[in-house]
Amino acid sequence: MSKWAYERLVLFSPNFLQMDSSSNQIVKEIPGVIRVYKDGRFQKLAGTDVVPAGIDPSSGVQSKDVIISPETNLSARLYLPKTPTKKLPLLIYIHGGGFIIDTAASPLYHDFLNLIAAESNVVIVSVDYRTAPEYPVPTCFNDSWEAIKWVAGNCPEPWLNDYADRENVFFAGDSAGANIAHQMAIRVGLENPCLSINLCGIILLHPYFWGKDRIGSEGEDPRKTLLDDMWIFAHPGTSGLDDPLINPAKDPNLSDLGCSRVLVCVAEKDIGKNRGWYYKDNLGKNGWNGDIEVIEDRGEDHVFFLFNPSANNASTLRRRICTFINHMDN
């Protein structure tokens, strides 16, 4: 039996929760992400801290939490810049965390999106999708699509109805969230007649794309096992590392990307940087006719802009986002 098949059988079988409840034996650990015990308990090792919504004292940005679906408890955190006087671009943001950790209320994302709302002068919907292992992939994709349909529909939210321009919409995300944002743009391309929004572009920050065959420097990077494990753990029903949900190069719908502009940001020290460049090549090869730009930040690692927002490169990345959304000259 393969390692993948064993993990699916042990971790996700109906009998898993009935195993020896007195045992503290660890049957699976993804370092820095999650630890799973023999009795079915699991411990998420990061991304569990939360902060309340409210008014950011440094920028005046307001935030609040809203329920999108009471049936699934799907929610979002909204951000509104200080004293808007007109309708503003709408950014739908999808957080990262390997499909396993973090939420829209995580301090890193809350602080980052306060800055984005203020500096780019945008209304933001930060999707609080459900995560694995409680809700394996594709739940996160389905939740994000439900949030987009909620935004595009007749939702009763005054911040969106009064201040958001649904004709000027952007999707963005980092890491796993960038992957989801990409997939949401494909769904827009396939189902756009059903939506009352205009998707102008997507912003993919250090996207978590992957594949069976190693490209660039991936083969020598010890972190490759971590990325393998996160995907298989988060999506036990996957066909593998070339599943179109993790490897855009294998997606027959790649050319249906439903926007005309794409910004991809990668980092020199991030194992995933090769996939960002590869994404650009594959969009062109598959017949997508929009404009794509890939920018690499030298000397930086994965999602550095979340951990050190005051750094020069982090400030530059946020200005890059502002320029992309507001069509400003470089």
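Remark: the Asp174 side chain and the Tyr93 side chain contain an N/O donor-acceptor pair separated by less than 3.5 Å. Using a 3.5 Å distance cut-off with no hydrogens or angles, the side chains of Asp228 and Trp210 do pair a donor with an acceptor. Between the side chains of Arg320 and Thr323, not a single donor N or O lies within less than 3.5 Å of an accepting N or O. A donor atom on one side chain and an acceptor atom on the other are found under 3.5 Å apart for Ser59 and Asp56. In this structure, a donor-acceptor pair under 3.5 Å is present between the side chains of Asn313 and Glu300. Looking at Ser175 and His302, their side chains do bring a donor and an acceptor atom within 3.5 Å of each other.
In this structure a side-chain-to-backbone donor-acceptor pair under 3.5 Å is present from His206 to Val303. For Arg35 (side chain) and Arg41 (main-chain N/O), no donor-acceptor pair under 3.5 Å exists by modelled atom type. A donor-acceptor pair is defined here as one N or O able to donate and one able to accept, closer than 3.5 Å; no such pair exists between the side chain of Gln43 and the backbone of Leu45. Counting only distance, with no hydrogens or angles, the side chain of Asp251 and the backbone of Leu245 share no donor-acceptor pair below 3.5 Å. Side-chain N or O atoms of Thr139 include one that pairs as donor or acceptor with a backbone N or O of Pro136 at under 3.5 Å. Between the side chain of Lys44 and the backbone N or O of Ile100 there is at least one donor-acceptor pair closer than 3.5 Å. A donor-acceptor contact shorter than 3.5 Å links the side chain of Trp231 to the backbone of Gly240. Judged by distance alone, with hydrogens and angles left aside, the side-chain atoms of Ser120 form no donor-acceptor pair with the main-chain N or O of Val122 at under 3.5 Å. Not one N or O on the side chain of Gln62 forms a donor-acceptor pair closer than 3.5 Å with the backbone of Ile55. Lys87 places a side-chain N or O within donor-acceptor distance of the main-chain N or O of Asn161, the cut-off being under 3.5 Å.
Rounding to the nearest 0.5 Å gives a distance of 12.5 Å between CG of Asn121 and CG of Leu91. Here OG of Ser126 is found 7.0 Å from CG of Asp128. Values are rounded to the nearest 0.5 Å. Distance CD1/Ile148 to CD1/Ile197: 6.5 Å, rounded to 0.5 Å. Note that the CG atom of Asp243 and the OG1 atom of Thr238 stand 3.5 Å from one another [nearest 0.5 Å]. Atom CD1 of residue Ile116 and atom CG of residue Asp111 lie 12.0 Å apart, to the nearest 0.5 angstrom. Once rounded to the nearest 0.5 Å, the distance linking CG of Asn114 with OG of Ser58 reads 7.0 Å.
Following chains of ILVMFWY side-chain contacts shorter than 4.5 Å, one can reach Tyr163 starting from Val151, so the two form part of one hydrophobic cluster. Hydrophobic clustering (side-chain heavy atoms under 4.5 Å, transitive across Ile, Leu, Val, Met, Phe, Trp, Tyr) keeps Leu90 apart from Leu115. Linking Ile, Leu, Val, Met, Phe, Trp and Tyr residues whenever their side-chain heavy atoms come within less than 4.5 Å places Ile295 and Phe304 in a single cluster. Hydrophobic clustering (ILVMFWY, side-chain heavy atoms < 4.5 Å, transitive): Ile215 and Trp277 are in distinct clusters. Placement of Ile202 and Val294 within a single hydrophobic cluster is found when ILVMFWY residues are connected by side-chain heavy-atom separations under 4.5 Å, directly or transitively.
Side-chain atoms of Val66 and Leu78, non-hydrogen and from C-beta on, do get closer than 4.5 Å to each other. Here the side chains of Arg166 and Asn198 are not in contact, with every heavy-atom distance at 4.5 Å or above. For the pair Cys140 and Thr131, the minimum side-chain heavy-atom distance is 4.5 Å or more. Residues Ile34 and Pro133 are in side-chain contact: their nearest non-hydrogen atoms beyond the backbone lie under 4.5 Å apart. Two residues are said to be in side-chain contact when any heavy atoms from C-beta on lie closer than 4.5 Å; Pro89 and Asn168 meet this criterion. Side-chain contact check for Asp49 versus Ser106: every heavy-atom pair is 4.5 Å or farther apart. Within the 4.5 Å cutoff, the side chain of Ile203 has no heavy atoms near those of the Phe171 side chain. Residues Ile271 and Lys224 meet the side-chain proximity criterion, which asks for heavy atoms closer than 4.5 Å.
Looking at every heavy atom in both residues, Leu88 comes nearest to Pro81 through CD1-CG, 3.8 Å. Nearest heavy atom pair, residue Gly97 against residue Asp102, reads CA-OD2, 4.1 Å. Nearest heavy atom pair, residue Ala249 against residue Asn282, reads CB-OD1, 3.6 Å.
Residues forming a side-chain contact (heavy atoms from CB on, under 4.5 Å) with Ser144 (at least two apart in sequence, or on another chain): Ile94, Val127, Tyr129, Ile180, Met184. Scored by the ring pair (Phe, Tyr, Trp, His ring centres under 6.0 Å) test, Tyr278 finds no partners at all (sequence neighbours excluded). Residues meeting the ring pair (Phe, Tyr, Trp, His ring centres under 6.0 Å) test with Tyr208, sequence neighbours left out: Phe99.
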- Message: Let's go through Asp229 and Lys28 carefully: what are the C-alpha distance in whole Å and the side-chain angles of both, what is the deciding distance for salt bridge (Lys or Arg N to Asp or Glu O under 4.0 Å) to 0.1 Å, and is it a yes or a no?
- Response: CA-CA 10 Å; Asp229 284 354; Lys28 177 69 178 178; 3.6 Å; yes
- Test log, rule ring-ring contact (aromatic ring centres under 6.0 Å, His included), inputs Phe42 and Tyr37: CA-CA 6 Å; Phe42 61 84; Tyr37 297 93; 9.6 Å; no
- side chain to side chain contact (heavy atoms under 4.5 Å, CB included) between Leu254 and His182: does it pass, once the steps are laid out? CA-CA 9 Å; Leu254 185 59; His182 153 77; 3.5 Å; yes
- Message: salt bridge (Lys or Arg N to Asp or Glu O under 4.0 Å), that's the test. Do Lys149 and Glu191 meet it? Break it down for me.
- Response: CA-CA 11 Å; Lys149 292 193 294 183; Glu191 304 184 34; over 6 Å; no
- Step-by-step side chain to side chain contact (heavy atoms under 4.5 Å, CB included) determination, Ser69 to Glu146: CA-CA 8 Å; Ser69 171; Glu146 286 303 310; over 6 Å; no
- Item | Verdict with supporting geometry, Leu257 and Ser255, side chain to side chain contact (heavy atoms under 4.5 Å, CB included) | CA-CA 5 Å; Leu257 196 72; Ser255 63; over 6 Å; no
- Message: Applying side chain to side chain contact (heavy atoms under 4.5 Å, CB included) to Asn274 and Ser217, what does each step give before you reach the verdict?
- Response: CA-CA 8 Å; Asn274 301 289; Ser217 59; 3.5 Å; yes
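A salt bridge does not link Lys269 with Asp297: every distance from a Lys NZ or Arg NE/NH1/NH2 to an Asp or Glu carboxylate oxygen is 4.0 Å or more. Salt bridge annotation for Glu296-Lys273: present, with a cationic side-chain nitrogen under 4.0 angstrom from a carboxylate oxygen. A salt bridge links Arg130 with Asp143: the distance from a Lys NZ or Arg NE/NH1/NH2 to an Asp or Glu carboxylate oxygen falls below 4.0 Å. A salt bridge links Arg275 with Glu218: the distance from a Lys NZ or Arg NE/NH1/NH2 to an Asp or Glu carboxylate oxygen falls below 4.0 Å. Remark: Arg77 engages Asp65 in a salt bridge, criterion side-chain N to carboxylate O under 4.0 Å.
Using the six-membered ring where Trp is involved, Tyr79 and His110 have ring planes that are tilted, between 30° and 60° apart.
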